[in-house]
Trainee: 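Take this structure, written in structure tokens, and hold onto it; I'll ask about it next.
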Number of protein chains: 2
Amino acid sequence: MPIRLLNKLQQFSPLTENDRLFLRAAAERRRLMLRAGEEVIAEGERPTAVFLFLEGWAYRYKTLDDGRRQILAFLLPGDLGDPDEPPEREMDHSIATLTPVTLAELAREDLERIAGGHPTLAEALSWETLARGAIQREWTLNVGRRTALERIAHLLCELFARLAAVGLTQGSACALPLSQAELADATGLSAVHVNRVLQQLRSDGLVRLHDRRMELPDLTALQQVAKFNPAYLHLHYRRARPDAEDLPVA
Amino acid sequence: MPIRLLNKLQQFSPLTENDRLFLRAAAERRRLMLRAGEEVIAEGERPTAVFLFLEGWAYRYKTLDDGRRQILAFLLPGDLGDPDEPPEREMDHSIATLTPVTLAELAREDLERIAGGHPTLAEALSWETLARGAIQREWTLNVGRRTALERIAHLLCELFARLAAVGLTQGSACALPLSQAELADATGLSAVHVNRVLQQLRSDGLVRLHDRRMELPDLTALQQVAKFNPAYLHLHYRRARPDAEDLPVA
DNA sequence: GCACACACTTAACCTGCGTTAGATGCGAAT
DNA sequence: ATTCGCATCTAACGCAGGTTAAGTGTGTGC
């Protein structure tokens with residue numbers, strides 16, 4: 001099974017074969033296989049290991065007492081759970097699966113050994129952590145200030161871009177194992193309104209849905225509807241541009 | 001000028017006098033004083049140092065092309081900017097001041113020296129980073145799933161709790177240097193509706209506003225309205241409870 | 001003292017989205 | 001084959017919150 005996290009990390013810094021082998025080995029020691037609809041970890045529990053998602057979709061969420069639920073993030077193959085959470089901290093939210101999921105539990109000692117002995121790997125992992133924060137901020141903007149149409153379009157653009165980054169798109173199509181109720185909880189809308197918005201996106205020829213998959217025939221147009229700017233995903237590493245004054249005079 | 005970050009950190013782990021002196025010294029090398037309404041750093045720029053806010057209020061925000069703005073977080077005395085941002089990454093959002101602000105620019109070498117030689121300080125700082133992420137998640141929930149009344153009440157509860165953690169409350173009162181338009185941008189509402197909600201909170205005796213300050217005469221009642229659970233702020237350190245099986249038989 | 005910019009307030013009106021309630025279709029379990 | 005559960009879809013209705021547009025302070029600069 002491919003460690004799709006490596007796909008992303010290698011865009012940030014070139015990893016050595018040694019780095020790759022170390023991460024692969026760390027991800028093999030403890031595997032967990034879950035069915036769809038299971039809890040990975042619940043609010044209030046203490047995480048003992050760090051989750052690395054290998055296959056399948058999961059989501060992070062919080063609920064209010066009366067049942068209102070907000071999905072905070074989707075966890076796709078190649079994503080890390082909460083790498084920096086110390087085990088003495090209680091989770092302030094829950095994680096559950098949407099499809100059958102395979103994940104690796106990374107031991108904290110292995111992560112510490114990465115921090116110690118694999119600097120480029122460590123750097124790439126911290127880049128991942130920062131990208132996660134940036135995505136959360138974009139979601140706050142999405143839910144706070146975009147219209148229903150923009151929100152749904154934006155979410156679909158994000159999912160497509162993130163799946164593309166780990167090689168899980170097929171042409172203009174990819175998996176989308178979400179019910180309309182789940183789309184609603186991710187965008188702060190009602191399920192009925194999500195249905196209305198999807199109808200419109202479909203009739204505008206921007207989205208096609210069948211068989212738990214989506215196709216985006218005109219990604220550029222969809223991104224314009226969503227006001228989607230992929231910069232926040234920080235998927236592509238750019239070293240600081242050498243500024244003019246740093247360059248030797250040619 | 002007090003380093004209010006220390007107030008928070010000491011709740012997590014007991015710092016040594018040496019730790020405190022080191023942080024204080026690091027925060028004295030480069031000071032910046034800004035007036036109200038100035039940009040601290042803009043989207044697209046590269047942060048060269050790490051900001052430690054000493055005095056005054058600032059906020060993180062993103063805007064859409066047509067001017068819609070979402071405030072993502074408020075930065076209060078004792079808060080850190082983005083401690084883990086590497087300098088080669090471009091900011092995906094901006095930070096600006098609400099009041100006159102004093103901040104320290106921490107040199108990255110100093111932070112590295114903390115990571116190397118001050119383990120409890122480093123641990124406390126990483127705790128801070130995690131709390132920042134938790135707050136961002138709570139904001140996504142706030143904007144996505146709470147009603148207007150709950151959102152405003154929740155924001156006020158959070159601000160009060162965070163100010164209390166750094167010793168900046170006076171009884172049931174604290175500063176609130178926010179216009180209603182800014183409250184609106186933080187909660188995903190319109191300024192007019194914020195006004196309506198504030199009227200209600202006032203007439204219910206839950207909030208009093210005058211002179212850029214707020215008073216919360218009945219904090220418990222306000223927290224109930226907000227469905228506020230301070231756990232997400234992770235303001236109080238709790239070591240893992242020794243479970244029954246870990247305890248020696250008495 | 002006056003002009004100006006802003007913040008707050010209020011009112012009238014409007015609409016995007018929520019709510020409720022069914023109808024329809026389909027896959028999984030038995 | 002039948003039932004059950006769940007997802008999608010539709011329609012009717014309602015309301016929370018947005019929009020527009022004034023009017024009223026109030027502090028600041030000149």
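Residue numbers begin at 1 in each chain, while the letters A, B, ... track the order of the sequences.
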Trainee: Does a side chain donor of either Q199(B) or N195(B) reach within less than 3.5 Å of an acceptor in the other side chain?
Mentor: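 Present: a donor and an acceptor within the cut-off.
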
Trainee: Would D79(A) and R60(A) pass as an ion pair if we require N to O under 4.0 Å?
Mentor: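 Salt bridge between D79(A) and R60(A), a charged N being under 4.0 Å from a carboxylate O: no.
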
Trainee: Which of residues 190-204 of chain B have a heavy atom under 4.0 Å from DNA chain D?
Mentor: S190(B), V192(B), H193(B), R196(B)

Trainee: Would you say the side-chain atoms of S179(A) and E182(A) include a donor-acceptor pair closer than 3.5 Å?
Mentor: yes

Trainee: Rounded to whole angstroms, how far apart are CD1 on I152(B) and C1' on dG17(D)?
Mentor: 12 Å

Trainee: Roughly, in whole Å, what's the span from NE2 in H210(A) to P in dC9(D)?
Mentor: 13 Å

Trainee: If you look at every strand shown and take non-hydrogen atoms under 4.0 Å, does G188(A) touch a base, only sugar-phosphate, or nothing?
Mentor: sugar-phosphate

Trainee: Is the backbone N or O of Y61(B) less than 3.5 Å from a side-chain atom of Q70(B), with the two atoms forming a donor-acceptor pair by type?
Mentor: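 No.
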
Trainee: Without decimals, in angstroms, what is the distance between L189(B) CG and dC8(C) C1'?
Mentor: 17 Å

Trainee: What is the ring orientation for H234(A) with W127(A), classed by angle as parallel under 30°, tilted 30 to 60°, or perpendicular over 60°?
Mentor: perpendicular

Trainee: In this structure, how many angstroms lie between the P atom of dC8(C) and the CD atom of Q180(B), rounded?
Mentor: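 Rounding to the nearest Å, CD of Q180(B) and P of dC8(C) are 4 Å apart.
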
Trainee: Without hydrogens or angle criteria, can the side chains of H193(B) and R196(B) be said to hold a donor-acceptor pair below 3.5 Å?
Mentor: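 A donor-acceptor contact under 3.5 Å links the two side chains.
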
Trainee: Just how far, in rounded Å, is P of dG18(C) from CZ of R146(B)?
Mentor: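 In whole Å, dG18(C) P and R146(B) CZ are 17 Å from each other.
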
Trainee: Distance check needed: dC8(C) C1' versus D211(B) CG, whole Å only.
Mentor: 15 Å

Trainee: Round to a whole Å and report the spacing from CG of L176(B) to C1' of dC8(C).
Mentor: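 Result: 14 Å.
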
Trainee: With respect to the side chain of A148(A), which nucleotide from dA7(D), dT9(C), dC17(C) is positioned closest?
Mentor: dC17(C)

Trainee: Check whether the side chains of Q136(A) and T140(B) place a donor and an acceptor atom closer than 3.5 Å, and report yes or no.
Mentor: yes

Trainee: Please assess D211(B) against R213(B) for the test salt bridge (Lys or Arg N to Asp or Glu O under 4.0 Å), listing each intermediate value before the final yes or no.
Mentor: CA-CA 5 Å; D211(B) 203 23; R213(B) 297 180 58 75; over 6 Å; no

Trainee: Donor-acceptor pair, R146(A) side chain versus R151(A) backbone, under 3.5 Å?
Mentor: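 No, R146(A) side chain to R151(A) backbone: no donor-acceptor pair under 3.5 Å.
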
Trainee: Between the opening five pairs and the closing five pairs of the helix from dG1(C)-dC30(D) to dT30(C)-dA1(D), how far apart are the helix axes, to 10°?
Mentor: 40°

Trainee: How long is the line joining CD of E182(B) and P of dA7(C), in whole Å?
Mentor: 7 Å

